[in-house]
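Structure, as structure tokens:
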Amino acid sequence: MTISVLLADDQHLVRAGFRSLLRRGRDITVVGEASTGDEAVRAARTLRPDVILMDIRMPGMDGIAATRQILGFHDAKVIILTTFETDEYVFAALAAGASGFLTKEIDPDGLRNAVRVVAGGDALLSPSVTRRVVGQFAHRPVPAAASPGGDRLAVLTDREREVVRLVAAGLSNDDIARELVISPLTAKTHVTRAIAKLGVRDRVQLVIVAYEDGLAGN
């Protein structure tokens, strides 16, 4: 199976670099490019790519709005591109439905693997990057929970709540297993059950819920 990819970034050299790196993967094909959010939406509608590498800051419509629009009509996997030194909207992009995020300094193998990971249905949640994202937003006011009871996490067991907290801290299943002295399979099971109970799509969305309900950073 070949994974089709759309590149959305306002810098031509960035797109050229990513295109060159991705073409070295025999199972990955770059089907189109866009330099603005509006172009990305139009290209996604026409090309229906499996994965979109989306910059946040672009002329006109930004990557957040483009992600939201695209996921309204096409079930693509969006990976947000960020430098972290300048981007302040990563969390909002993930809340819009992105499947993960990458820094533009990622190595070639990491880039190709990221595309494969999200194309396979998993969230791209690097522990080190997750800690930075959660840390960036931990000091902001926590929004009110959306559920009638005011606490979406109330449906979780104590152990599942603890696992979600560790996911939000950027720990992998193996890390969680070591932290809680359980097997990696058990850790994965708790994550899967939490995702199902909360009605979210993946680990990225678990981080969002944990932040919005005040669990992240506690």
Side-chain angles (χ1 to χ4, degrees), residues 3-12 14-15 17-19 22 28-106 110-126 129-130 132-134 136-137 140 143 146 168 195 198-212 216:
I3 303 169
S4 58
V5 177
L6 171 66
L7 303 177
D9 193 291
D10 64 340
Q11 298 183 40
H12 175 75
V14 171
R15 298 198 309 274
F18 282 152
R19 182 175 65 248
L22 290 172
I28 300 173
T29 300
V30 176
V31 295
E33 298 182 21
S35 59
T36 68
D38 296 283
E39 289 180 6
V41 173
R42 290 194 295 270
R45 193 179 296 277
T46 301
L47 301 172
R48 316 296 283 192
D50 299 315
V51 176
I52 302 172
L53 294 183
M54 180 79 73
D55 190 18
I56 289 184
R57 297 190 175 189
M58 292 183 287
M61 183 188 300
D62 62 25
I64 299 171
T67 295
R68 189 178 297 111
Q69 284 202 24
I70 290 170
L71 296 183
F73 64 78
H74 177 43
D75 188 25
K77 305 297 183 181
V78 178
I79 300 176
I80 297 299
L81 300 174
T82 176
T83 58
F84 278 104
E85 286 76 14
T86 56
D87 292 339
E88 300 174 356
Y89 310 107
V90 177
F91 195 88
L94 296 177
S99 295
F101 43 86
L102 295 175
T103 62
K104 293 183 178 180
E105 294 77 21
I106 189 170
L111 176 65
R112 290 187 288 269
N113 184 62
V115 169
R116 296 181 182 114
V117 165
V118 298
D122 292 328
L124 184 67
L125 205 59
S126 165
V129 175
T130 302
R132 295 181 66 176
V133 173
V134 173
Q136 178 181 356
F137 291 92
R140 299 189 179 188
I195 288 173
L198 293 170
V200 297
R201 186 180 63 248
D202 51 36
R203 294 173 76 98
V204 170
Q205 298 300 312
L206 277 184
V207 172
I208 293 171
V209 171
Y211 161 70
E212 291 183 336

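- The shortest heavy-atom contact between Leu71 and Gly97 is CD1-O, 3.2 Å.
- To the nearest 0.5 angstrom, Leu102 atom CG is 5.0 Å from Ile79 atom CD1.
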Worked verdict on Leu22 versus Arg112 for side chain to side chain contact (heavy atoms under 4.5 Å, CB included): CA-CA 6 Å; Leu22 290 172; Arg112 290 187 288 269; 4.2 Å; yes
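- Here CG of Asp55 is found 7.0 Å from CD of Gln11. Values are rounded to the nearest 0.5 Å.
- Under the 4.5 Å side-chain criterion, counting only non-hydrogen atoms from C-beta, Phe18 is not in contact with Val5.
- Checked by atom type and distance alone, the side chain of Asp50 pairs as donor or acceptor with a backbone atom of Ser4 at under 3.5 Å.
- In terms of modelled atom types and a separation under 3.5 Å, the side chain of His74 and the main chain of Pro49 share a donor-acceptor contact.
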Intermediate values then yes/no, side chain to side chain contact (heavy atoms under 4.5 Å, CB included), Ile208 and Glu212: CA-CA 6 Å; Ile208 293 171; Glu212 291 183 336; 3.8 Å; yes
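- Distance CZ/Arg19 to CD1/Ile28: 14.5 Å, rounded to 0.5 Å.
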Steps toward side chain to side chain contact (heavy atoms under 4.5 Å, CB included) verdict (Met58, Glu39): CA-CA 10 Å; Met58 292 183 287; Glu39 289 180 6; over 6 Å; no
Chi angles and distances behind the side chain to side chain contact (heavy atoms under 4.5 Å, CB included) call for Ile80, Thr67: CA-CA 9 Å; Ile80 297 299; Thr67 295; 4.0 Å; yes
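- No option in Lys104, Arg15, Arg57 other than Lys104 meets the side-chain hydrogen bond (donor to acceptor under 3.5 Å, both in side chains) test with Asp9.
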